[in-house]
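Taking it in order: structure first as structure tokens, then the write-up.
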Amino acid sequence: YRIFVGNLGNDVTDEALRKAFSQFKSLGKVRVIRDKKTGKTKGFGFVSLLDAKDYVLAMREMQGQYIMNRPCLLRKSEW
């Protein structure tokens, strides 16, 4: 179960995103997407959860929560 996490600031790292979602036991891969040339974030990332219950909880609880200095926007990943 993959979640698209949008509205991330330039200072957000994979580790910061992992920490934000760490309360969900089935947390899998976490990835902040970066520009290959500049190394800056593209403003979004992905979080994978292995359990459907955790996925539903994460979508409900984390929507609009601040990760570093911006509220995140969550959507079901189409990728």
Side-chain angles (χ1 to χ4, degrees):
Y1 301 92
R2 186 171 287 150
I3 299 172
F4 171 89
V5 184
N7 197 35
L8 296 177
N10 281 332
D11 51 348
V12 176
T13 61
D14 289 353
E15 194 52 44
L17 192 56
R18 177 174 296 285
K19 188 176 177 186
F21 282 84
S22 64
Q23 75 244 34
F24 303 102
K25 302 250 186 289
S26 69
L27 183 64
K29 289 184 179 180
V30 173
R31 184 73 179 256
V32 175
I33 306 304
R34 299 191 170 279
D35 185 288
K36 285 184 171 81
K37 291 179 183 171
T38 64
K40 288 186 176 183
T41 69
K42 291 192 172 186
F44 65 94
F46 296 94
V47 172
S48 295
L49 297 161
L50 306 174
D51 181 32
K53 289 178 186 172
D54 274 352
Y55 171 79
V56 171
L57 267 175
M59 290 294 280
R60 191 177 302 139
E61 292 178 12
M62 294 301 293
Q63 184 69 266
Q65 293 295 318
Y66 276 76
I67 298 177
M68 305 290 267
N69 59 352
R70 290 188 185 176
C72 66
L73 301 173
L74 305 182
R75 287 197 306 252
K76 179 179 187 273
S77 175
E78 301 298 324
W79 184 52

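All figures in this text were calculated on a predicted structure; none of them were measured in a lab.
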Is there side-chain contact between [X] and [Y], with heavy atoms separated by less than 4.5 Å?
X: I33; Y: T41; value: no
X: I3; Y: K76; value: no
X: D11; Y: N69; value: yes
X: R70; Y: N10; value: no
X: D51; Y: K25; value: no
X: E61; Y: F24; value: yes

Minimum-distance pair of heavy atoms, taken over all atoms of [X] and [Y]:
X: F44; Y: G6; value: CB-CA, 4.1 Å
X: Y55; Y: L49; value: CA-CD1, 3.6 Å
X: Q23; Y: M62; value: NE2-SD, 3.8 Å
X: P71; Y: G64; value: CB-O, 3.4 Å

In a check of side chain to side chain contact (heavy atoms under 4.5 Å, CB included) between V5 and each of V30, L17, L73, V12, which one passes?
-> L17
Under the 3.5 angstrom rule, does the side chain of N7 hit a backbone N or O of C72 as a donor-acceptor pair?
-> no
With a distance cut-off below 6.0 Å to the six-membered ring centre and an angular limit of 45° from the axis, does R31 pair with F46 as a cation-pi contact?
-> no
Steps toward side chain to side chain contact (heavy atoms under 4.5 Å, CB included) verdict (K29, D14) | CA-CA 9 Å; K29 289 184 179 180; D14 289 353; over 6 Å; no
Is L50 reachable from F21 through a run of hydrophobic residues whose side-chain heavy atoms are each under 4.5 Å from the next?
-> no
Can you tell me how far the [atom1] atom of [X] sits from the [atom2] atom of [Y], to the nearest 0.5 Å?
X: Q63; Y: L74; atom1: CD; atom2: CG; answer: 4.5 Å
X: L57; Y: S26; atom1: CG; atom2: OG; answer: 9.5 Å
X: L8; Y: K42; atom1: CG; atom2: NZ; answer: 13.5 Å

Over 12 foreign heavy atoms within 6.0 Å of OH, Y1 | no
